[in-house]
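Written below as structure tokens is the structure these notes are about.
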Amino acid sequence: MSIDLHTLSGAYALDALSASEADEFATHLGQCPSCREEVAELQEVAARMGASEATAPTAALKARILAALDQQAQLPPKVTSIHRARPRRWVPRLVGVAAAMILAVTGGVALLNSRGPESANVAAGSVAQVFKAPDAKTQTVTTSNGGHLKVATSAAYGQLAVATADLPKLDHRSYQMWAVRNGRSTSVGVIDDLAAGKVMPIPSAGTVVAITVEPEGGSKQPTRQPIIKMDPQSV
């Protein structure tokens, strides 16, 4: 890869990298605390956008925004040899681009909740990276609907991954993952491909990760009791 890996945090947060790029950047995350922090921040922003009410854009608006994305410059980060936290003057701009991408391409929620085959491969690669991390902590738990969920956390990558291949398949319903804090649930996204699983930044202490069974395509807020609740700090 010929470009600066530090500039890929926004694309990685939106699952917009190829499988090989995602794997290379995931390895980079293990060595760069600044990028881990930025990815966590951007994924949290994207999750909150996905949880908000979506409005489908017009075809003309989509075309204008996509055209503008090609002209949107991104300031390079300032990186030192000891990985000190660099200024984030460019983050608001990047978040704006991310918001535009979500609005233009998907109407808000679909980018987080529906993925094509290539994106599913990226997700699978990210989950595998967390499980294979040198510092990975893993746990297998039983869900209330008779399934099994494998969970892994990596402090080096700053990520939590769930392998969902052993969950029961659903008809016309979807598994949806949530970050729950102080009674408030924020959608992490729908698990469309059980073989791929799901990955997210490790949430802060006091936040519980839950999975519910929702109507097909997911819900703005949980409509059923979780089939599993887990404290990432205990994995």
Side-chain angles (χ1 to χ4, degrees), residues 5 8-9 12-44 46-47 112-113 115 119-170 174-181 185-213 226-235:
L5 286 172
L8 298 181
S9 57
Y12 183 82
L14 294 176
D15 281 343
L17 298 177
S18 67
S20 61
E21 288 174 332
D23 287 345
E24 187 170 357
F25 187 78
T27 300
H28 168 71
L29 282 181
Q31 306 167 357
C32 184
S34 296
C35 282
R36 289 201 302 271
E37 184 178 350
E38 283 168 5
V39 167
E41 290 172 352
L42 291 171
Q43 286 182 327
E44 181 178 357
L112 298 173
N113 291 347
R115 293 189 166 102
S119 295
N121 290 336
V122 172
S126 300
V127 168
Q129 282 282 344
V130 178
F131 273 89
K132 293 177 181 177
D135 69 332
K137 297 179 180 180
T138 62
Q139 187 177 55
T140 300
V141 294
T142 302
T143 61
S144 63
N145 65 341
H148 298 282
L149 188 74
K150 296 178 181 178
V151 186
T153 60
S154 168
Y157 290 165
Q159 292 184 319
L160 176 148
V162 292
T164 53
D166 293 330
L167 289 181
K169 291 181 173 58
L170 301 176
S174 299
Y175 290 107
Q176 190 165 356
M177 195 152 73
W178 309 86
V180 184
R181 185 178 181 85
S185 299
T186 300
S187 175
V188 178
V190 169
I191 305 172
D192 290 312
D193 185 352
L194 293 183
K198 197 80 171 174
V199 66
M200 65 178 288
I202 296 177
S204 58
T207 298
V208 174
V209 176
I211 296 178
T212 60
V213 176
I227 62 169
I228 187 70
K229 276 187 176 182
M230 50 189 165
D231 181 358
Q233 309 298 322
S234 67
V235 175

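Note: hydrogens, waters and symmetry copies are ignored here, and every other heavy atom, side chains too, is used. Keep in mind that this is a model prediction, so the values were computed, not measured.
Minimum interatomic distance between Pro232 and Ile202 (heavy atoms only, all atoms of both residues): CB-CG2, 4.5 Å. Residue Val130 comes nearest to Ala161 through the heavy atom pair CB-CB, 3.7 Å, listed as atom of the first residue, atom of the second, then distance.
Residues Ile211 and Pro226 have side chains not in contact (no heavy-atom distance under 4.5 Å, counting atoms from C-beta outward). Taking the side chain as every heavy atom from C-beta outward, Cys35 and His28 approach each other to under 4.5 Å. At least one side-chain heavy atom of Met230 sits less than 4.5 Å from a side-chain heavy atom of Val162. A 4.5 Å side-chain heavy-atom check between Asp166 and Thr140 finds every atom pair outside the cut-off. In this structure, the side chains of Tyr175 and Val213 come closer than 4.5 Å at one or more pairs of heavy atoms. In this structure, the side chains of Leu167 and Leu149 come closer than 4.5 Å at one or more pairs of heavy atoms. Counting heavy atoms from C-beta on, the side chains of Val209 and Met177 come closer than 4.5 Å. Contact of the Gln129 side chain with the Ser154 side chain is not registered, since no non-hydrogen atoms from C-beta on lie closer than 4.5 Å.
With sequence neighbours left out, the ring-ring contact (aromatic ring centres under 6.0 Å, His included) criterion links Tyr12 to Phe25.
Atoms CE and OG, from Met200 and Ser126 in turn, are 14.0 Å apart once rounded to the nearest 0.5 Å. Rounding to the nearest 0.5 Å gives a distance of 11.0 Å between OG1 of Thr153 and CD of Gln159. Taken to the nearest 0.5 Å, the NZ atom of Lys229 stands 11.5 Å off from the OG atom of Ser144. To the nearest 0.5 Å, atom CG of residue Leu5 and atom CG of residue Leu29 are 9.5 Å apart. Note that CD of Gln176 and CG of Asp192 are 10.0 Å apart. Values are rounded to the nearest 0.5 Å. The CD atom of Glu41 lies 9.5 Å from the OG atom of Ser9; values are rounded to the nearest 0.5 Å.
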Audit row: Lys198, Thr164, side chain to side chain contact (heavy atoms under 4.5 Å, CB included) steps and yes/no: CA-CA 8 Å; Lys198 197 80 171 174; Thr164 53; 5.7 Å; no

